[in-house]
Structure formats: structure tokens, C-alpha cells
Amino acid sequence: MDLKVEQKPEVNSKTKQMTMIQAINDGLKTMLELDEKTILLGEDIGKNGGVFRATEGLQEVFGEDRVVDTPLSESGIVGTSVGLAVNGFKPVAEMQFMGFIYPAYDQIMTHVSRLRMKTLGHYSAPMVIRAPYGAGIRAPEIHSDSAEALFTHMPGVKVVCPATPYDAKGLLIESIEDPDPVIFMEPMRSYRAKREDVPEGKYNVEIGKGNKVQEGTDITLIAWGAMVPVAEQAAKQAEEQGVSCEVIDLRTLYPLDRELIAESVQKTGRAVIVHEAHGTGGLGNDILSVINDTSFLYLRSPIERVTGFDVPVPFFSLEDHYLPTAKRVLESIYKSVNF
Amino acid sequence: MDLKVEQKPEVNSKTKQMTMIQAINDGLKTMLELDEKTILLGEDIGKNGGVFRATEGLQEVFGEDRVVDTPLSESGIVGTSVGLAVNGFKPVAEMQFMGFIYPAYDQIMTHVSRLRMKTLGHYSAPMVIRAPYGAGIRAPEIHSDSAEALFTHMPGVKVVCPATPYDAKGLLIESIEDPDPVIFMEPMRSYRAKREDVPEGKYNVEIGKGNKVQEGTDITLIAWGAMVPVAEQAAKQAEEQGVSCEVIDLRTLYPLDRELIAESVQKTGRAVIVHEAHGTGGLGNDILSVINDTSFLYLRSPIERVTGFDVPVPFFSLEDHYLPTAKRVLESIYKSVNF
Amino acid sequence: MEEQFPIKKVMDDQGNLIDSSYEEKIDEELVRTMYYNMLRIRTFDRKAINLQRQGRIGTYPPFEGQEASQVGSALALKDGDWMFPTYRDHGATLTFGADMVRTFLYWNGRHEGVVPPKGKNIFPAAVPIATQIPHATGTAWAEKRKGTTNIALAYFGDGATSEGDFHEGLNFASVFQTPTVFFNQNNGYAISVPIEKQMNSKTIAQKALAYDMPSVRIDGNDCFSVYFEMEKAVNRAREGSGPTLIEAVTWRTGAHTTADDPTKYRPDGQGEEIVHPLDRLEMFMKNYGHWNEEWISETKEKIENEVEAAVEAMENSPKANPADLFDYVFEQNPEHLEEQKDQYLAQLKGD
Amino acid sequence: MEEQFPIKKVMDDQGNLIDSSYEEKIDEELVRTMYYNMLRIRTFDRKAINLQRQGRIGTYPPFEGQEASQVGSALALKDGDWMFPTYRDHGATLTFGADMVRTFLYWNGRHEGVVPPKGKNIFPAAVPIATQIPHATGTAWAEKRKGTTNIALAYFGDGATSEGDFHEGLNFASVFQTPTVFFNQNNGYAISVPIEKQMNSKTIAQKALAYDMPSVRIDGNDCFSVYFEMEKAVNRAREGSGPTLIEAVTWRTGAHTTADDPTKYRPDGQGEEIVHPLDRLEMFMKNYGHWNEEWISETKEKIENEVEAAVEAMENSPKANPADLFDYVFEQNPEHLEEQKDQYLAQLKGD
Ligand SMILES: Cc1ncc(C[n+]2csc(CCOP(=O)(O)OP(=O)(O)O)c2C)c(N)n1
Ligand SMILES: Cc1ncc(C[n+]2csc(CCOP(=O)(O)OP(=O)(O)O)c2C)c(N)n1
Ligand SMILES: [Mg+2]
Ligand SMILES: [Mg+2]
């Protein structure tokens, strides 16, 4: 049984209050139990349970052979995962932080993403690459990058980014079951930000479908991951000023849920896109282009983007200045409605 | 004397008919002569003169110490270039093909692009990374990638891409003199496609400035590198049907010449963006976003993009199907003017 | 270090056995299999160069001079084993069971060219240098996990040893003791860069010391040395004793690719003293009574016919299908990609 | 391999010289310099941990246990030389001349923290593991080209040896014979991963064999062994005899960072038998008549005052300037970035 997006778990299915990191742990555990081909690889994920505790306790239960502490070598992790995947295993590789995925970029770009196409489907390398991303937790440099756009421009991989514990588990399970490679981005800032009811056992959240987290009529706010709460906060403040915001949590960054975006913008005629990565080259421009392609005649004002600045993510004393805030979103909302 | 964009070389300066590859060779030679801190590094660039002959004859003149055959190691080339650059040298590193830049992605992302910002300007790593790119020459897989969008989303590097022999030499010299790192993309397909007058000695073409290669009134075509001739061809055909096209050769991909784009689109009210890289995540979306930000009220139809498909660049038997053609551009022109 | 890794030979340059104990191990069947395969791939190789010159296929990287390395190593594998070749290892893949028509198709820019026959585990030729090395480690690791005795063989050149992936792949293999054989063909050059500029070490075999991995340096132009040393490494891998690095010292007779001009970077006369592997085998066969003119000419004819037929089949095969551009990117196309496909195919039809 | 790379010591665990010829080389000045610096950085380190606990700085990676490695190696450098540290090497950078206030600022997330004093060539601490290794090679190469006798020193951990950049950096250094010293602090763990899972080799020193590069394995808790072996490597580099790999076997006493809990992955009691480098030096000083209570207590006081003053200065330093976010991305801001800056600063002002 696949529980799809809009259906939340059935009333009688048991749930538990979980943070996002617990939900991820639970999702990994669920798949380790259900499919013996699932194996986890990464730096410090075994005995240590991961630097964020995403894999806490899993090696104890499933053994060193299925929850593998690897050498410190991202290209090696992804490169060997290609071999494992081709041979029927389902590697779930952790990059300790998304900023450390770059050494593996070549393997992902030239093999993981292309193997199926290259061989007309004879071989493929489905795997999940988990990557905690984003600023706001006072981590050292590089740790805080948001690199989704480097993967949405790479045909052959899907990119997923949950904003809630429920979606995190359901999307992770779906990603592990997906026949294609998935970059699974985890907003560190949201790891322990809230708890919610998460069903026990297996359930899926469909890849490729966004979630309308709030209905509204005047303007559409589009966000994902750690920016969803920021958008929600801005929406609340705008509401108080009489501007009704529709808020969309994209959840999947490749492929985009064009239908949901178009439908909403056609209704509101306005949009603010919020993301943490740099504006130039950011996914916001892709969304803008979806709106251009589908909803040109509906637009009542230019589309606004509130993004990280076009500067490297700074050391943490400046990171709050780098990150989009509800205030900046609110200004863009006003700019748009007053256009 | 800096010859800037619009000024072509003075009448009495000596010129020579050159292909783009010859102009690049000449630009490298010019800078090796003028600045002893300039050093070239790369695989097969020395004795062999480069697989495309870009560095032909240079090692003979300037010695093994300034035109260096390195080990087969892109991360090593860029990583050691950081050290050289910090110490006052100006490395001009060749990636044999842009598809082989990925192993160096980590060094470029985490150091080359960030060193200046990280150290508040105390250190910086200005260097030029030359990278032949693009499909259409029947090369094996990976050789034909167009990876500009992976660098325009990386604050701290500039991205340049000439379309003509004249611009190639002038932009290359400017890139070598630039105080910041520059990714210098060379359209392989244009290496020997035409000859034109190229001044002897040193001249510069400004980074950040596009070039209006054709005036028009009905629609703006925006392209760069090997797609400029494709856009020009489509413009010619459209002209025959009475549609007047303005054609812009962007030349610099980061930072974008927003003024030129805005000015033109505000005049024509329509735009077709043409590029070789995949549409999703492509630079076309950034240009779209520039237009959205600057020229919303002038738009008479949705902006069209004609790009490589959202598939890996295929083996060469299919590459002509992958690449944008004048025909596809023409269809988009019609779609736009008939909207 | 060079003394620590002497070049192992079974026969000398004149085809005389150096260690006579090999005489019984080298039976008629082995000799003929070796000769047949080496002649077959050389015929393929020369044909490919000709086809390229005539514009009938794309740029092609010849392997002439490396036939003993490729055939000797490939023959040590069994069905179920895995091969991770580079662009220059079609001699090995053909010997292991790749289809010749498809191999020609590959050099004609066709994706069909990388699809191996059913039951043959042959990965697409790695184009980004050294990236296949961790794949071979991962695959061998998978076989080990599954409890099979299958092994994985990675081919790579001298230049490839400079890439990080070489290092990471060998490190993983040594840590997880995967059944992988890392087979290096040291042909002296990476395009134009001679080994002295590629590395400071005199041997590639010694690089295994970094991983406490067994390694051996062999005469890559001596098909028997290649075969028997490979066999040892393969057996060790099958038995669960982990990976091995083999350095086969060989020589690329021709250009890097048909687009390359080796006279630009090779000193005059370099490599001329090297006895070509097939000539060496021929001398051996004559020396040890394996030379049978009739069998030889039958074999030649058979091979020539096969190669000609393969060329014909390649040229008669249906044109590349534009839909293939779209149909294998994902298991199932996302909507926007399906749209791109539909639009483009409709436009093509309109033409 | 382990026998080939015995751990070199100058003194034993009780502070007794193993080779008495060192007695004259180790004069009072050297002893005091060593003690002063080791005590100074330990004081800094412990202070930093406290500050982190009190929320006055961010996550911090302590280096306690590695003081001899860091001080012994740093003291072998001269002005003009280059240092490429990791996040754990602030003991070394402080010894080489980094500013203590700025070092605290770094751990408070401040860019000012990586700016070295004028004339001191100290690179920002490398955060992406092993990436600094090619930088040190390139810098040394630059110095060689310029004809100076300056050298570059790269620090890195045991875990770093698994990355491709380690391999590529050492290969370049060996090919171009750059004056680089690759100083490995093998502290037994990369976060939670013990060296046995990081590599199959028992030593890191042996990895130099891959590059025909000299290497040595030393007791990294013996400040004199570190200092004298470093001196040899540095001299070799200055003389134009190329790079060296040094493996300093040491131990991280505490956690990987203040966010880490080593009891999760370290067996009970592991490392307890290790005599801490500063205790060992103290015993040596007592054994050889260098212990002077008065000097010691003066020194302690001086250091404590310095550290307290540095903390105060760190905390009193002006807040980070939001304009710094924009002003150093390029030498000159492109227009769109200048716009972003102006808008944002205007908005901040409006608050
Ligand atoms: C990552 C990468 N960089 C550069 C190239 C371009 N290139 C193709 S073959 C080659 C030389 C390879 O030399 P070697 O490993 O010795 O193999 P050989 O060609 O001699 O068989 C180079 C540099 C590439 N294919 N991949
Ligand atoms: C490329 C990269 N991958 C992962 C990390 C996360 N990380 C930080 S420190 C560390 C362990 C480093 O171990 P080692 O090299 O032994 O140095 P030590 O911390 O012991 O000094 C890891 C995995 C990183 N900083 N960079
Ligand atoms: Mg070679
Ligand atoms: Mg360590």
C-alpha cells in the first residue's frame, strides 16, 4: 500500500511523535528491515550513529556489513556504490554534509546519473545519496551549502528535500524504492525543530509532488526544506496585513511539480520564490521559467525571488545575514502586491 | 591601452586572419611574453601542443617551466594552481575537455571561488581555467558537456565564453589579467569554423559585456559560444519571413550583461534564449529571470528557450538531435511572435 | 624499488621459455586460444583504424602492441566475472565475449555498442579516466557480499594512476578485501605524457605498497606471463584473499587515437626494439612445435570473414533512434521530459 | 611494512634520551621554547573548550594530546615558509605566529580569524579534508620557481589519506620535486573511524613509497623527535631535494569536536597508557636539569594572562560587519552584487 501525498496515514495506523532526524532514522530502519539489499554507507554512520545521529543504533541491529563505516572518501563511497547498485544492492550513502559532496561530483555526474541512458537501460545505478544541507546551525564553512541546483541540472537524478518529519520518512522510503538515483537533501536546521506524528512502519510520499501547506488567494509562496517555515511565518504576517498567501512546499526539486505551481499562480497571479541557495543559477529561476511557460497571461506582477545572496555561504557570524528571513519575504510580498 | 568591446582595433594596428584556436594560441603567447608570472598547466599542452593545438609551439618558445605538462589529475592541476596563484603566479590551466573538469569541482568550489571572500581579501586565487566545451564534433561521451551553469551558480568565479576569434583572444587576455578566477569556455565546434581579422599583440575585450551582433525590432535572440551562429542563421531565416531579429552574443555568462539584455527586450518585447546545456537548471533561466526583473511590463509573449534537452549529452550518433538547431529556434521565434 | 618489482616473464623476446616448468602448463589449446584471440583483436583493431580513415566510424584509440596484455588477462576470467574496461580495452572485451558488431557500433557513436551479450558482465568503457576503478571495487564487494566467487577486473592505464579515483578505489578494495584485480597496462604514455612526467616512481606495482596490497610487475607483451600471473591474482580473489595490483609493462605501437600524432612527442625510434606480442607468440609456437600453417591460415581466414561480416552488420544496422535520447534517462520519464520527447519527435516527423 | 618504518623516538615515555648524542643538541633555549609553546597552546585549547561549553564560541575541535606534533613541527619553520593547517592545527599556527585573538575569533565564526599577521604565511584552516595538500604542493612549487629557499608544510590527519587529493598532491610534489613537507598527525581516529577501518596498511609512512618519496614514522608525542625529524625534512626541502612525508603517531586525548562523544566509539580505557607529550617533556626537564620552578610558574602566569587577554579582546571586538558578506567575493563587485548589498544594507538600516 502506497500512501500518497494527500492521504495522511489511516486513523488506525499507529503513529509516534518524532523529530525529522528520528523520522529519517526510522525510515532507514524500516527499509533495512524490509529489504535486505538496502545497505548504508558513509563516514561515521556505523558505530557512531552519524554525526547527526541519523543512523543511531542501526549498526547494532543490522551489523557492520549493512551499516558500513567507510574510509573518508566521498568519490570512493559513490564510486563503489555504483558497483554495488549495478549488482543489485541498494546503497544509501551519506555525505556527512552536502558541502562535502563535491569530491564525488564527478562520479555522480559521469556515472550515477548517466549509466542508464548510456546503456539504453541495460545497467543502472539506483542509489540514494543523503546530504544534510543548509545554514543556520553555526557550523564551520562549507558545511552550510545548499547545492540542489548542481543536481537539478544533471539529467538522470532526482532531487528530493523534505520539510517535515512525516515527509522525511515517507520520501526517504520512496527514494530507496525508486528505480533511479535520488539526491536526498536534509535541512539540518529542521532536524530537531519540531515533532509531529509519524506513522510506524512503511509508508511512501510520492516523488514529484509538492504540497500545498496553506491555501490563499493573493499570492503564492514557493519554498522547500528549511525555507518552508520561513515562508509560513511571512505568510502569517502578511495575513495580518490582509494579504492572503498560498504556501507551497515543493518537496521534490527534480522533477518539479509544474501542475501545482501553475495551478496556484494562475489563481493568485503573483509569486514569491524563497530559497537558501544563491539566487543566480538557483532553482528559483527554474520555477520562474515554469511560471513563464505555463502562466504568463495570469501574472499580475513580476515574480519575486528571495534567496541567499550571490556570495559564498559565510562563516557563521554572518550566516543570519546570508539567509532569507521572513522579513525579506514579507518585503517581496508587498512589492509584488503593490506592483 | 584597453580596447573595449565596441571599439574594434584601430585601423592601423596590424591584424591577421585567424581561426578561434589560433587566436587562443596567440592570446596565450601574448600573455606569456608580456607577463612572466603567466604559466600554463595541463595535460598534453606542452610537447604535444594540446589535443586541439591551443598551445602549439608554446613550450618550445617558453620552456617546460612555463608551459607545463602535468600528471593526469584535474584536482591536482587546480589544487596546485591555488598554491601558485596565492604566491603571485597566474596559472592558466587547461582542462582537456570541460567534461573532465568535474574531478576538480571540489577545489574550484571550496577554494578557488571562495578564497578571497573567506580571507576578507587577504588571499585570492586568480587563475584562468580553460575548458573546451560542447557537442557537435563527434567526440566520445562526456567530452561534449556544456557545464556553464555549474559555475554561474558559484559566487567568486567569472564565466566567459567567446563566439569569435576576435573575442576569444581579447577575452582570454582580459581573463588572464582579471584579478579573479575565470572559467574560460571554448566552443570546440567554433575552433576552426571561421577565420577573421585578429589584431596582433595585446588587446582586451571587457568581461561582463555582451555584444549586439545584429540589430532588430521584433524579437531578441540571446545566445553564446557555438549557439551564436545558430541564432544568426535562424535570424536570417526569420528575416526572410519578415520578422526582424536582434541577436545578442552574451560573451560573459557571469556576471550577465543585464543592461544589454533589458534594453533589447524592452525594445522588442520578445525573447528567445538559445543554449546548448540542458534547459532545466540552465543559464537560460537566469536570463529569463533578468528579463522578469527588469522588463516585465514590456513583454508581449512568454520568453522562449531553445536548449539542449533534459537528457545527458548522448553518444555522437544522437548528438545532432540533442543540439538546438536553427529550425528549433525558428519555431520558437514564430511561437513567440504569433502568441 | 625497481629491483623489488622485477618484470616477470615466462618467455623471452625470442619466444623461448625462461622457466621450462611452464612447458607442460602451456598446452596446444591454450596456445591456440591465445593466438586466435590475439590475431582476432589485432585484425579488429587494424580494421577499425581503416574504417576511421575512411570516415566510416569516429575517432578510434588503437591498442596494437597491447594484445598480449588484453587477451592474457581476459582469458583468465570466467562467465560471472566482471570486466571494467577503458576505451582502449576492446581487445579484452572482445576476448571476454563482447559482440564485435556492437563494438564497431560503439565507435560509431552508438549507445547499442555498450550493451553486452546476455550473461556477460562487461561495463561500458570508462571515458573519464580512472572512474571505473571504484566501480570494480564496488562490484567485487557486491559479489563478496552475495557469497559468490565472481571477481571484478579493472583495466586502466599508466596515466590513470595519477587520478584520485585510482587511490580511493584501491584503498576501498584493500580495506574491504574485495575480490578485485587491478590490471594496469603501462604503455609508457598517457597521450603525449611519458611515464617519467606522470610519476616519480619507476614502477606502478609499488603503488600497491600504500595499501598493503599484493602486486606484481609483468611483461605485458608476454601473453603467458600475463595469463599465469592473472590466474594467480584471480584465484586469490576467488578464495577470498583480496585484491591484487598487476602492472603489465607494454607498449602502444600506434597513436593514442586516430586524431593523435605520436611523432610530436615520441623520440625517433622509441619502442622499435620491442618485439610485438603476436610475433613473440609466433616464435614461441615455432620453437615449441605449435606452429601449424594450415591451422594458421584457416584461423586467419575465419577471423577476416568475421571482421568483414561485423563491419557489414554495423553498417547495415538501423540508424540511431532519436527516441533513445529520451527513453532511458529515468526508468519512467517525468512529465516534462515526455513532453520534450513528444514535441521533438513530432517536429522530426514534420520534416 | 611496519618493520620498515619503526617509530623513531628521541626520548622514551619517561623522558629519558634514547640516544645520548641528542643531549648537546637539546639546549636550554630549545627546551624552554618547546615547553612554553606546548603549555601555551594547551592553555589555549582548554580555554577554547570552556568557552564553547559556555556558548561563547562555536563548535571547537580540541588538539590536546597532539601538542608535541604541532609545536615540534611548527618550530622547524622560518619566516617566509608556508603553513597549511587543518581545523585542528591551531596549536601549530599559534606557534608559528598566528594571532591568538584572531584564532579565537575564527572559532566564533569570524572571517577575521583566518587573516594572518603581516609576513606570516598561514593559510586558512582547511575544512574540506585533504584539499590543502595540493595547495601546499603548489605553493612550494611557486617558491621553487621563484628561487627562494622557502618551504611549505601541510598538516593533515590519518583520515585525510583516504581522499584523492592526498594522492594527487603527493604525486605532483614528487614529480615536480617541490619543497613540501607533508606532516601527517596520525591520531588513530577520523572522528569515530579507527585507522584499521580507514586503511589496510599499518603505517601511513609507507604510502610515500608509491611516489618514491622519502618518509619517516615518528613518535608524535615526543617533541624532540618531531622537531629533529622535521628539521631534516625541512632542510632537504630547502636544499632542493624535494618533498618528505612524515607520519607522527599521536593521540587525540579528547573528543573530535565539542559536539562529539568519543565514548560512543572508543573502547574503554583506550589510549590511557599514553604519556601526554607535556608530561613527557616535564619528565625530561626534570631528568636533565631543565626544570626551574620559578621559570615554570612565571611562564604559566604569563600564558594565562595572554589567553585571558585574548578572550577579552575577542569578546570586545566589534561585531561582524554585514558588508563583509559582499565586499570580498570579487576584487570589484559586479553590478548585481553591489545592488544586493545596497538593498540589504538599506534594509538593515531600516530596522
Ligand atoms: C578525467 C579525464 N581527464 C582527461 C581525459 C582525456 N584523456 C583521454 S585518454 C588520456 C590519457 C590516458 O592515459 P593512460 O591512462 O595511460 O591510458 P592509455 O590511453 O595510455 O591507454 C587523457 C588525458 C579523460 N578522458 N578523463
Ligand atoms: C571532504 C570532507 N569530508 C568529510 C568531512 C567531515 N569531517 C570533518 S573532520 C573528519 C575526520 C578527519 O579525520 P582526520 O583526517 O584523521 O583528522 P583529525 O580530525 O583526526 O585531526 C571528517 C570526516 C570534511 N570536513 N571534509
Ligand atoms: Mg598509457
Ligand atoms: Mg585523525
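Each chain gets a letter, A, B and so on, in the order its sequence line appears, and its residues count up from 1.
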Visitor: Which one of B:Phe339, B:Phe315, B:Phe309 has the most heavy-atom pairs closer than 4.5 Å to chain A?
Guide: B:Phe339
Visitor: If you take all heavy atoms of B:Arg114 and A:Ile142, which pair is closest and at what distance?
Guide: NH1-CD1, 3.6 Å
Visitor: In the structure I gave you, are the side-chain heavy atoms of A:Asn292 and B:Asn292 within less than 4.5 Å of one another anywhere?
Guide: no
Visitor: Is it the backbone or the side chain of A:Tyr102 that comes under 4.5 Å from a heavy atom of chain B, or both, or neither?
Guide: both
Visitor: Could you tell me the separation between the CD1 atom of A:Ile108 and the OH atom of B:Tyr105, rounded to the nearest 0.5 Å?
Guide: 11.5 Å
Visitor: Where the side chain of B:Asp286 meets the backbone of A:Gly281, is there a donor-acceptor pair that is under 3.5 Å apart?
Guide: yes
Visitor: For A:Phe100, which atoms come within 4.5 Å of any heavy atom of chain B: side chain, backbone, both, or neither?
Guide: neither
Visitor: Taking A:Asn285 for the side chain and B:Ser289 for the main chain, is one N or O donor matched with an acceptor at less than 3.5 Å?
Guide: no
Visitor: What residue in B:Thr152, B:Ile101, B:Leu150, B:Leu283 has the most heavy-atom pairs under 4.5 Å with chain A?
Guide: B:Leu150
Visitor: Answer yes or no: are there more than 12 heavy-atom neighbours, outside B:Tyr298 itself, under 6.0 Å from its atom OH?
Guide: no
Visitor: Looking only at non-hydrogen atoms, find the nearest pair between B:Gly99 and A:Thr110 and report the distance.
Guide: O-CG2, 4.5 Å
Visitor: Side chain from CB out, backbone as N, CA, C, O: work out which of these in A:Pro314 comes under 4.5 Å of a heavy atom of chain B, or both, or neither.
Guide: both
Visitor: Could you look at A:Ile287 and say if it's the side chain, the backbone, both or neither that has a heavy atom under 4.5 Å from chain B?
Guide: neither
Visitor: Got a second to check how far B:His153's NE2 is from A:Asp310's CG, nearest 0.5 Å?
Guide: 9.0 Å
Visitor: Could you state the interatomic distance from CG (A:Leu288) to CG (B:Asp293), rounded to the nearest 0.5 Å?
Guide: 7.5 Å
